[in-house]
Each structure stands twice: as C-alpha cells, then as structure tokens.
Amino acid sequence: MQDSETVDQIDDTPIARAAQAAVQAIGRAGEGLPRPAATRVIVVANQKGGVGKTTTTVNMAASLAMHGLRVLVVDLDPQGNASTALGIDHHAEVPSIYDVLVEGKPLADVVQPVHDVEGLFCVPATIDLAGAEIELVSLVARESRLQRAIAAYEQPLDYILIDCPPSLGLLTVNALVAGQEVMIPIQCEYYALEGLGQLLRNVELVRAHLNPALHVSTILLTMYDARTRLAAQVAEEVRTHFQREVLSTAIPRSVRISEAPSYGQTVLTYDPGSTGALSYLEAARELALRAVGQSGSTVGQQRDGQPGHGAPMAQYGTTEGHQ
Ligand code: ADP
Ligand code: MG
C-alpha cells in the first residue's frame with residue numbers, strides 16, 4: 001500500500017513527467033513517418049512578426065528529419081533567424097538564397113547540411129536579401145524565381161519548408177508561387193486574427209493567377225498558454241473558422257523553445273524531453289500523416305457544409321493594418 005503510494009507520488013513529480021516525456025519523445029523520434037509521394041513544399045507565412053513562423057519552420061523541419069525524412073529549410077527572411085536557429089553561418093559572404101533569387105545561382109550551390117540533425121538541410125539568408133525585394137522588381141519572372149530554382153534542384157527531398165519574412169512583398173510571393181501548401185502559425189493572443197484576411201486574399205490571388213495548386217493546408221496555434229482564458233478563446237475561434245486546417249496539437253509557450261536559437265539549435269536537440277520538443281514532434285507527426293490532397297483544400301470550409309470560405313475573410317479582412 002505504502003509502496004504504491006510512493007510510486008504514484010514519484011510519477012507525479014515534474015522531473016518524472018519530464019523524464020517520461022523525454023522517453024516518449026526519443027522513442028517517437030526513432031519511428032518512421034510516411035514519405036510523401038512527391039516533395040511537399042510548405043510555405044510558412046503570416047505577415048505579422050513574432051507569431052512563431054521561424055520557430056515553427058525549424059522545429060517542424062527538425063522533427064520531420066528526426067523521423068527519417070529528408071527536409072530542406074529555405075530561409076527567406078533577411079534577418080536570417082532560421083539560419084541562426086539551425087546553426088548555419090550566414091554572414092554577408094556566405095552563398096545564400098539571395099544569390100539564387102537575384103543572381104540565378106543553382107540551389108545546390110547554396111544548400112548546407114545542418115550539423116546536429118541528419119537529413120536536415122538549410123539554404124541560409126544573409127542581410128543581402130533585404131535589398132532583394134527591390135532588386136527583384138526589374139528581373140524577368142520575378143515572382144517565380146524560387147519556384148524555378150526548386151524545380152531545377154535534383155537531390156531527393158521529402159519536405160521543403162520556406163520561412164517567410166513578416167510582409168507580403170515579392171519574397172513571400174516567390175514562396176507562394178514555389179509551394180503547394182501554406183502553413184499559418186497563429187499566436188494565441190489578442191489581435192491574433194488581424195491581417196489574416198489579407199494573407200488569405202494574397203494566397204487566393206497567387207492561386208488564381210500563378211499557382212493553381214496552392215492552398216492553405218495547415219494552421220498551427222503557437223505560444224499557447226493554457227492558464228489564460230484569452231488563449232483558449234482565440235484557439236476556439238480559430239478552430240471554429242478553420243476546422244480542417246488547424247492541427248489538434250497546439251504549441252505551448254515554452255522557455256526551452258525560446259532559448260534554443262541562441263545555442264544555434266532547435267528545441268529538438270536542445271532539450272528533446274521538454275514539452276516544447278514533444279509538441280513540435282506531435283505537430284510534425286500530424287502534418288505528415290495528413291493525406292496530401294485531403295488536407296484543407298478549401299480555405300475556411302466548415303465541416304457542417306456551411307459556406308465557410310468567405311466568412312473568415314469577411315470577418316478579418318476589415319481589421320487589417322493593425323499589427
Ligand atoms: P516570427 O518568425 O513569426 O517572427 P519567431 O518564430 O521568431 O516569430 O518567434 C518570435 C519570438 O517568440 C522568438 O523570440 C521566439 O523564440 C519566441 N517563441 C516562438 N515560439 C515560442 C513558444 N512556443 N514559446 C516561447 N517562445 C516562443
Ligand atoms: Mg521569423
């Protein structure tokens with residue numbers, strides 16, 4: 001009697017829970033995930049800054065790679081945060097996505113392996129990219145330069161994740177033309193849905209004119225703080241409007257997630273047993289297990305057959321501009 005009580009108590013300590021999570025995380029990391037029939041090119045976009053685009057890109061990519069898949073991260077933000085988080089040098093002289101977009105260099109010439117994670121690769125961004133938004137304007141096929149570079153890349157890949165800058169300019173348009181899927185991280189806080197209408201309209205424009213395959217396949221709730229009622233309200237609102245697209249795993253607010261980049265690491269290698277690591281592994285598993293083509297081909301469609309398509313756009317389209 002006393003023994004089992006003691007065991008129960010031990011199991012319930014934070015350290016025991018962390019250890020359990022670590023075992024679970026490591027165990028799951030070893031398991032395979034289905035290899036997509038063709039490379040899934042996923043654009044991680046939201047023109048709001050600080051919502052978790054970069055964090056989601058690098059941690060989802062690392063999670064997929066740790067399941068045995070071959071994954072390329074394309075850093076498309078001049079700040080180069082994804083490059084930093086993956087421990088990839090990106091000072092001004094490093095061959096980068098700028099050379100690909102503006103100079104027409106092959107992607108293969110700028111891809112670098114990520115040290116800690118087998119099967120994970122990165123195309124870094126340097127500060128040069130800050131000028132690309134303007135330089136691209138006068139170039140031929142200015143919207144499809146990334147798409148062409150990816151099409152010409154011959155190494156086999158299961159996933160390409162593109163980390164977009166916090167704007168809807170030509171860099172983001174290049175990403176939207178290059179990808180089939182858009183993943184939108186949404187931070188569970190007030191104003192979370194502002195500007196979403198504008199992003200959805202841009203996706204729609206690119207789909208109509210430049211890339212018929214493009215669709216919002218995935219929405220991920222980030223920095224979820226289970227203690228606040230606001231986070232729960234935002235999550236519920238997003239889930240109501242985007243039933244098919246929202247992953248059931250929400251990423252919790254986690255100090256370990258925010259610390260990892262300063263060590264040039266993803267949370268998956270920095271602290272594999274943390275709840276942050278575990279939640280990204282789960283989110284990546286969900287993403288990988290969603291059959292391509294079934295997942296959210298219609299933006300905002302409601303499960304009960306209500307005309308959901310226009311609803312979120314109409315509702316949130318009016319609140320643009322406040323960021
Ligand atoms: P974006 O790329 O959209 O600008 P980031 O991924 O850079 O956003 O995230 C913004 C900030 O929030 C960063 O400092 C990052 O470390 C932190 N952050 C992101 N996700 C989490 C999380 N789940 N818990 C705690 N901090 C987070
Ligand atoms: Mg970023």
Side-chain angles (χ1 to χ4, degrees), residues 39-49 53-54 56-58 61 70-114 120-155 157 159-183 198-199 202-203 205-214 261 264:
T39 311
R40 285 174 74 180
V41 184
I42 302 178
V43 181
V44 183
N46 186 333
Q47 77 273 30
K48 273 186 145 183
K53 288 182 290 297
T54 301
T56 294
T57 304
V58 299
R70 285 175 62 87
V71 185
L72 176 68
V73 168
V74 176
D75 190 348
L76 210 55
D77 186 338
Q79 293 186 54
N81 292 340
S83 311
T84 303
L86 294 173
I88 303 287
D89 204 1
H90 60 102
H91 60 80
E93 277 79 50
V94 172
S96 70
I97 193 66
Y98 173 87
D99 303 291
V100 173
L101 294 175
V102 178
E103 312 287 355
K105 208 177 228 208
L107 206 57
D109 290 5
V110 302
V111 171
Q112 294 194 43
V114 173
L120 182 57
F121 303 85
C122 175
V123 175
T126 64
I127 194 65
D128 290 343
L129 196 60
E133 200 84 64
I134 290 165
E135 289 174 68
L136 279 170
V137 172
S138 58
L139 298 181
V140 284
R142 59 189 180 185
E143 296 99 351
S144 52
R145 296 179 77 88
L146 181 60
Q147 183 259 322
R148 289 175 179 205
I150 287 174
Y153 186 65
E154 285 176 348
Q155 296 300 315
L157 288 170
Y159 285 84
I160 299 176
L161 270 66
I162 306 173
D163 185 27
C164 288
S167 68
L168 293 172
L170 265 176
L171 288 172
T172 297
V173 169
N174 260 271
L176 294 175
V177 173
Q180 304 108 31
E181 299 180 48
V182 182
M183 183 189 318
Q198 199 183 347
L199 172 61
N202 276 39
V203 170
L205 276 173
V206 171
R207 193 192 65 72
H209 298 286
L210 296 163
N211 181 10
L214 188 68

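Count residues from 1 along the sequence. None of the values given here were measured: they were computed from a predicted structure.
Closest non-hydrogen pair, R40 versus Q180, comes out as CA-OE1, 3.6 Å. I150 approaches A178 most closely through the heavy-atom pair CD1-CB, 4.0 Å. A pairwise comparison of heavy atoms in S167 and T172 identifies O-OG1, 2.8 Å as the closest pair. Across all non-hydrogen atoms, the minimal contact from D128 to A92 is OD2-O, 3.8 Å. Taking all atoms of both residues into account, the shortest heavy-atom contact from V203 to V182 is CG2-CG2, 4.1 Å. The two residues D77 and P166 make their nearest non-hydrogen contact at OD2-CD, 3.7 Å.
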Go through the steps to decide whether V100 and R145 satisfy the test side-chain contact (heavy atoms from CB on, under 4.5 Å), and finish with yes or no.
-> CA-CA 8 Å; V100 173; R145 296 179 77 88; over 6 Å; no
Step-by-step side-chain contact (heavy atoms from CB on, under 4.5 Å) determination, L76 to L101 | CA-CA 10 Å; L76 210 55; L101 294 175; 3.9 Å; yes
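In this structure, the separation between CG on D99 and CG on L107 is 11.0 Å, given to the nearest 0.5 Å. Atom OG of residue S144 and atom CG of residue L139 lie 11.0 Å apart, to the nearest 0.5 angstrom. Atom CG in L72 sits 8.5 Å away from atom CD1 in I162 (nearest 0.5 Å). To the nearest 0.5 Å, atoms CD (E135) and CG (L129) are separated by 9.5 Å. If you take CG on N81 and CG on D163, they are separated by 7.5 Å, rounding to the nearest 0.5 Å.
Between Y153 and I160, every side-chain heavy-atom pair lies at or beyond the 4.5 Å cut-off. In this structure, I88 and V73 have side chains that are not in contact, with every pair of non-hydrogen atoms separated by 4.5 Å or more. Residues Q112 and P124 meet the side-chain proximity criterion, which asks for heavy atoms closer than 4.5 Å. A 4.5 Å side-chain heavy-atom check between N211 and Q147 finds every atom pair outside the cut-off. Inter-residue side-chain proximity for R70 and F121 is flagged as met; some heavy-atom pair is nearer than 4.5 Å.
In terms of the side chain to side chain contact (heavy atoms under 4.5 Å, CB included) criterion, residue partners of V137 (sequence neighbours excluded) are, by chain and number, R142, L170.
A donor-acceptor pair is defined here as one N or O able to donate and one able to accept, closer than 3.5 Å; such a pair exists between the side chain of S83 and the backbone of A125. N202 places no side-chain N or O within donor-acceptor distance of the main-chain N or O of L199, the cut-off being under 3.5 Å. K53 places a side-chain N or O within donor-acceptor distance of the main-chain N or O of K48, the cut-off being under 3.5 Å. In this structure a side-chain-to-backbone donor-acceptor pair under 3.5 Å is present from E133 to L171.
When each of V74, V44, I42, D75 is checked for a side-chain contact (heavy atoms from CB on, under 4.5 Å) with T57, only V44 meets the rule. Tested against L146 for a side-chain contact (heavy atoms from CB on, under 4.5 Å), the candidates I97, L176, V41, V43 yield a single pass: I97.
A 6.0 Å sphere centred on CD of E103 holds more than 12 heavy atoms belonging to other residues, nucleotides or ligands. Within a 6.0 Å sphere centred on CD of Q79, other residues, nucleotides and ligands contribute 12 heavy atoms or fewer.
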